[in-house]
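All of these numbers come straight from a predicted model, not from anything done at the bench. Atoms considered below: every heavy atom in the structure, side chains included; atoms not considered: hydrogens, waters and symmetry mates.
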Amino acid sequence: MKPLAIAAAVLVLLLAIYCKLDPFNLSPIADYPHFQTFKVNMPPWSQIPKPRDAHNLLRNSRIKFSDQVQGPESLAFDPLGRGPYTGVADGRVVVWYGHSWSDFAYSSPNRSEICGWKPSTASYWESEHVCGRPLGLRFDSRSGELYIADAYFGLMKVGPEGGLATTLATEAEGVKFKFTNDLDVDDDETVYFTDRSSIHERRNFVLLMYSAVANGRVLRYDPKTKQTNVLM
């Protein structure tokens with residue numbers, strides 16, 4: 001074997017040992033000694049859906065409001081057609097009134113200066129659990145109330161006038177939500193929503209991706225009985 005090949009093999013081996021031992025605790029999982037990974041059984045490539053955007057319409061679309069809202073997630077329109085409303089990275093729900101964005105609601109009662117503007121969405125991760133992170137949004141077409149799936153504060157609701165949202169559910173069947181994600185409201189006002197993980201919070205989403213743990217849930221909230229049930 002040539003000296004160059006031997007040197008390359010030794011370098012790869014040393015790199016593998018370094019990554020395994022992580023002596024300087026630089027790994028994203030360094031602070032999580034009980035971190036586990038799970039096997040994912042992928043379907044055959046032939047069963048994976050093919051792209052349907054043959055003309056690359058999404059790639060050719062325009063990005064709007066890039067300097068005005070950071071990390072918009074879900075979009076919703078109220079029963080009068082106003083909006084869109086969206087949750088942003090600093091924990092607010094904002095609404096577009098045709099000429100500018102205005103504050104509408106917020107999910108955390110503990111907002112402070114740490115929830116102020118930051119240069120990138122990643123800059124908010126450290127304070128998300130304090131400031132809130134509203135993700136899924138849906139209006140109840142009858143009452144005009146806005147339901148909010150906040151990643152840290154659970155399922156919430158705010159009235160047509162906005163303001164501080166009220167918490168409706170933070171756990172189901174004895175298991176607390178860790179990453180409340182999206183929701184929908186049906187015609188009889190029942191709320192269906194998702195909790196992406198019962199272990200990892202949204203600010204630790206990298207751990208969730210690395211572990212591939214399948215403990216996300218689909219849940220149902222009945223506003224009449226105020227009960228939350230796990231559907232799957």
Side-chain angles (χ1 to χ4, degrees), residues 28 40-107 115-128 131-141 144 146-152 155-156 158 162 165 179-187 191-197 200-214 216 218:
V40 177
N41 295 314
M42 296 293 293
W45 186 257
S46 60
Q47 295 181 14
I48 297 178
K50 302 296 188 296
R52 296 185 178 182
D53 185 12
H55 300 289
N56 255 343
L57 297 179
L58 185 60
R59 182 183 296 273
N60 296 325
S61 61
R62 291 184 299 162
I63 298 176
K64 305 193 68 173
F65 312 120
S66 59
D67 297 325
Q68 300 178 41
V69 289
Q70 290 178 304
E73 186 80 12
S74 182
L75 295 176
F77 292 83
D78 66 24
L80 298 178
R82 295 173 300 192
Y85 296 72
T86 189
V88 292
D90 63 12
R92 296 174 298 145
V93 175
V94 296
V95 56
W96 174 254
Y97 282 127
H99 50 81
S100 63
W101 292 94
S102 298
D103 292 357
F104 178 72
Y106 46 98
S107 54
C115 305
W117 186 90
K118 295 179 176 60
S120 68
T121 55
S123 303
Y124 293 93
W125 294 347
E126 290 185 0
S127 56
E128 277 189 348
C131 304
R133 186 59 169 102
L135 299 177
L137 303 178
R138 293 294 187 280
F139 276 96
D140 183 332
S141 60
L146 176 64
Y147 284 91
I148 303 170
D150 185 276
Y152 299 90
L155 180 65
M156 312 186 80
V158 68
F179 191 161
T180 323
N181 197 1
D182 204 0
L183 60 83
D184 205 352
V185 183
D186 70 9
D187 292 337
V191 182
Y192 298 88
F193 64 104
T194 58
D195 179 30
R196 193 170 179 182
S197 174
H200 303 297
E201 294 183 326
R202 201 199 90 93
R203 56 183 172 157
N204 297 322
F205 69 91
V206 173
L207 300 180
L208 179 58
M209 292 190 299
Y210 284 174
S211 70
V213 58
V218 178

Quiz item: Passes side-chain contact (heavy atoms from CB on, under 4.5 Å), Leu146 versus Phe139? Steps please.
Solution: CA-CA 4 Å; Leu146 176 64; Phe139 276 96; 3.7 Å; yes
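- Counting heavy atoms of neighbouring residues, nucleotides and ligands inside a 6.0 Å radius, atom CG of Asp187 does not exceed 12 of them.
- Tyr97 OH to Phe104 CZ: the interatomic distance, rounded to the nearest 0.5 Å, is 6.5 Å.
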Quiz item: Arg92 and Cys115: side-chain contact (heavy atoms from CB on, under 4.5 Å), yes or no, with the steps?
Solution: CA-CA 9 Å; Arg92 296 174 298 145; Cys115 305; over 6 Å; no
Exercise. Kindly indicate, with the supporting measurements, whether the criterion side-chain contact (heavy atoms from CB on, under 4.5 Å) is fulfilled by Ser127 and Lys118.
Key: CA-CA 11 Å; Ser127 56; Lys118 295 179 176 60; 4.0 Å; yes
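- With sequence neighbours left out, Ala151 forms a side-chain contact (heavy atoms from CB on, under 4.5 Å) with Arg133, Leu135, Phe179, Arg202.
- Between Ser74 and Arg138 the shortest heavy-atom distance is OG-NH1, 3.2 Å.
- Summarising the geometry of Ser61 relative to Leu58, their closest heavy-atom pair is OG-O, 2.6 Å, with the distance given to 0.1 Å.
- Residues meeting the side-chain hydrogen bond (donor to acceptor under 3.5 Å, both in side chains) test with Tyr85, sequence neighbours left out: Asp78.
- Of the possible polar contacts, none joining the Tyr152 side chain to the Glu128 backbone as a donor-acceptor pair under 3.5 Å is found.
- Partners of Thr180 according to the side-chain hydrogen bond (donor to acceptor under 3.5 Å, both in side chains) rule, which considers only residues two or more places apart in sequence or in another chain, do not exist here.
- Closest approach of Pro84 and Leu75 over heavy atoms only: CB-CD2, 4.1 Å.
- Considering only residues two or more places apart in sequence or on other chains, Ser100 meets the side-chain hydrogen bond (donor to acceptor under 3.5 Å, both in side chains) condition with none of them.
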Self-check item: Stepwise side-chain contact (heavy atoms from CB on, under 4.5 Å) test for Asp90 and Trp117
Solution: CA-CA 7 Å; Asp90 63 12; Trp117 186 90; over 6 Å; no
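- In this structure, CD1 in Ile148 is found 9.5 Å from CG in Leu155, a value given to the nearest 0.5 Å.
- Closest approach of Glu73 to Thr86, counting heavy atoms only: N-OG1, 3.4 Å.
- A search for side-chain hydrogen bond (donor to acceptor under 3.5 Å, both in side chains) contacts involving Asp184 returns nothing, not counting sequence neighbours.
- Shown here for Leu183 and Gly136, the closest heavy-atom pair between the two residues is CD2-O, 3.9 Å.
- Across Pro134 and Ser107, no two heavy atoms sit closer than the pair CD-OG, 4.2 Å.
- Here the CG-CG distance, from Asp182 to Asp195, works out to 12.5 Å after rounding to the nearest 0.5 Å.
- For Phe65, the side-chain contact (heavy atoms from CB on, under 4.5 Å) test picks out Gln68, Val69, Trp96, Trp101, with sequence neighbours left out.
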